[in-house]
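So the structure is just underneath, and the comments pick up after that.
Note: hydrogens, waters and symmetry copies are ignored here, and every other heavy atom, side chains too, is used.
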Amino acid sequence: MIYFTSDTHFCHSNVINLCERPFKSVHHMNNTLIHNWNAYVTKRDEIYILGDFLYRGTGQDANQILHRLNGKKFLIRGNHDKFLNDPEFDTSMFEWVKDYYEMDYQKQKIVMFHYPILEWQGYFRDSIHLYGHVHNASKDPEQLKRLSVLGSRAINVGVDVNNFFPVSINDILRKAQR
């Protein structure tokens, strides 16, 4: 199975308040996110992380968390993934790290980028755009207005709008058909 997620912000205590996450502490948040991830993703599955995996943590923090997470992990770089520059980070933890990625899945093009894009490759041919970055900012009327122009084939895979779980490829395909 293939899964997608974004904006886990492991080790980021302030994201709990900023995004109104229902956690008592960073430790509680990290453990819940790891539990939820592993409840869906097996060691054989692929998971695409669309940025902001870790916030202000070290390479060692990233290594420790990634060791606990199931799946073959692919990272689309986000604006907070500074741990990638830490010499202590084990780059073999990811299959690859890219800024942007296009996948063909059962004749369906899926475009992945950390940020929402107004138009993406294959936009007029029913391709799907997966993004993160905006967390649950659609609660803000101005942000909701900006995001609404993207249409139903642009899907936020961030944990804040997906009950803190990864999203399966099957769920993506269903959401895009609405």
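Using a 4.5 Å cut-off on side-chain heavy atoms (C-beta onward), Met29 and Val15 make contact. Residues Ile155 and Ile172 have side chains in contact (heavy-atom distance under 4.5 Å, counting atoms from C-beta outward). The closest side-chain heavy-atom distance from Met103 to Gln108 is not below 4.5 Å. Side chains of Thr5 and Val167 form no contact here, defined as non-hydrogen atoms less than 4.5 Å apart. Looking at heavy atoms from C-beta onward, Trp37 lies out of side-chain contact with Tyr3 at the 4.5 angstrom threshold. Between Asp45 and Ile2 there is no side-chain heavy-atom pair separated by less than 4.5 Å. You'll find the side chain of Pro116 reaches within 4.5 Å of the side chain of Leu147, heavy atoms only. Side-chain contact between Asn70 and Ile47 is absent, with no heavy atoms from C-beta onward closer than 4.5 Å.
In this structure a side-chain-to-backbone donor-acceptor pair under 3.5 Å is missing from Asp81 to Arg77. Although no hydrogens or angles enter the test, the distance criterion places a donor-acceptor pair under 3.5 Å between the side chain of Ser127 and the main chain of Gln121. Of the possible polar contacts, one joining the Asn156 side chain to the His135 backbone as a donor-acceptor pair under 3.5 Å is found. Within the 3.5 Å criterion, the main-chain N or O of Asn79 finds a donor-acceptor partner in the side chain of Asp52. With hydrogens and angles ignored, the 3.5 Å screen pairs a side-chain donor or acceptor of His129 with a backbone N or O of Ile117.
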task: Could you walk me through whether Glu95 and Lys73 pass salt bridge (Lys or Arg N to Asp or Glu O under 4.0 Å), step by step?
output: CA-CA 6 Å; Glu95 301 294 315; Lys73 298 169 241 358; over 6 Å; no

message: Val159 vs Asn36, test: side chain to side chain contact (heavy atoms under 4.5 Å, CB included). Steps then yes/no.
response: CA-CA 10 Å; Val159 295; Asn36 291 356; over 6 Å; no

- prompt: What's the verdict on side chain to side chain contact (heavy atoms under 4.5 Å, CB included) for Ile110 and Ile169, showing C-alpha distance, side-chain angles and the deciding distance?
  reply: CA-CA 10 Å; Ile110 299 173; Ile169 187 82; 3.3 Å; yes

task: Show the numbers, then the answer: is there a side-chain hydrogen bond (donor to acceptor under 3.5 Å, both in side chains) between Asn31 and Arg68?
output: CA-CA 10 Å; Asn31 284 332; Arg68 295 177 60 193; 3.1 Å; yes

Verdict with reasoning, Val41 to Leu69, per side chain to side chain contact (heavy atoms under 4.5 Å, CB included): CA-CA 8 Å; Val41 180; Leu69 295 170; over 6 Å; no

- request: Would you check, one step at a time, whether the test ring pair (Phe, Tyr, Trp, His ring centres under 6.0 Å) holds for Tyr48 with Phe4?
  value: CA-CA 5 Å; Tyr48 293 82; Phe4 307 91; 5.8 Å; yes

task: Using the ring pair (Phe, Tyr, Trp, His ring centres under 6.0 Å) rule, take Phe10 and His12 through it: C-alpha gap first, then chi angles, then the decisive distance, then the call.
output: CA-CA 6 Å; Phe10 284 106; His12 186 191; over 10 Å; no

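The distance from atom CD of Gln177 to atom CG of Asp126, rounded to the nearest 0.5 Å, is 8.0 Å. How far CD1 of Ile49 is from NE2 of His114: 12.5 Å, rounded to the nearest 0.5 Å. To the nearest 0.5 angstrom, Lys175 atom NZ is 9.5 Å from Leu130 atom CG. A distance of 6.5 Å separates CZ in Phe89 from OG1 in Thr91, rounded to the nearest 0.5 Å. Atom CG of Leu84 and atom CG of Leu75 lie 5.5 Å apart (nearest 0.5 Å).
Among all heavy-atom pairs drawn from Ser6 and Gly51, the shortest one is OG-O, 3.6 Å. Scanning both residues, Ala176 and Ile128, for their nearest heavy atoms gives CB-CD1, 3.6 Å. When all heavy atoms are compared, the tightest approach of Met93 to Leu66 is CE-CB, 3.2 Å. Between Asn63 and Asp90, the closest heavy-atom pair is OD1-N, 3.0 Å. In terms of heavy atoms, Val26 sits closest to Cys11 at CG2-C, 3.8 Å.
Annotation for Lys98: atom NZ counts as buried by contact number, over 12 foreign heavy atoms lying within 6.0 Å.
Annotation: Phe164 is in aromatic contact with Phe23 [ring centroid separation under 6.0 Å]. Aromatic rings from Tyr131 and Phe113 are positioned such that their centres are separated by 6.0 Å or more.
In the hydrophobic cluster analysis, where Ile, Leu, Val, Met, Phe, Trp and Tyr join through side-chain heavy atoms closer than 4.5 angstrom, Tyr115 is grouped together with Val111. Val97 is not connected to Tyr55 by any chain of hydrophobic side-chain contacts under 4.5 Å among Ile, Leu, Val, Met, Phe, Trp and Tyr, and they are in different clusters. In the hydrophobic clustering of this structure, Leu18 does not group with Val134; members are Ile, Leu, Val, Met, Phe, Trp, Tyr whose side-chain heavy atoms approach within less than 4.5 Å, directly or through other members. Under the 4.5 Å side-chain heavy-atom criterion for Ile, Leu, Val, Met, Phe, Trp and Tyr, Met1 and Leu50 are members of the same hydrophobic cluster. Linking ILVMFWY side-chain heavy atoms closer than 4.5 Å, directly or via other members, places Tyr100 and Tyr123 in a single hydrophobic cluster.
Residues satisfying the ring pair (Phe, Tyr, Trp, His ring centres under 6.0 Å) criterion with His35, sequence neighbours excluded, are absent altogether.
Asn170 and Ser168 form no side-chain donor-acceptor contact under 3.5 Å, judged by distance and modelled atom types alone. Using modelled atom types and a 3.5 Å distance limit, the side chains of His133 and Asp7 yield no donor-acceptor pair.
Each of Trp96, Phe74, Trp120 was scored for a ring pair (Phe, Tyr, Trp, His ring centres under 6.0 Å) with Tyr101, with one residue passing: Trp96.
Salt bridge annotation for Asp160-Arg21: present, with a cationic side-chain nitrogen under 4.0 angstrom from a carboxylate oxygen.
Between His9 and His80, the two ring planes are perpendicular [angle over 60°; tilted spans 30° to 60°]. Phe94 and Phe53 have perpendicular rings, their planes meeting at more than 60° on a 0 to 90° scale where under 30° would count as parallel.
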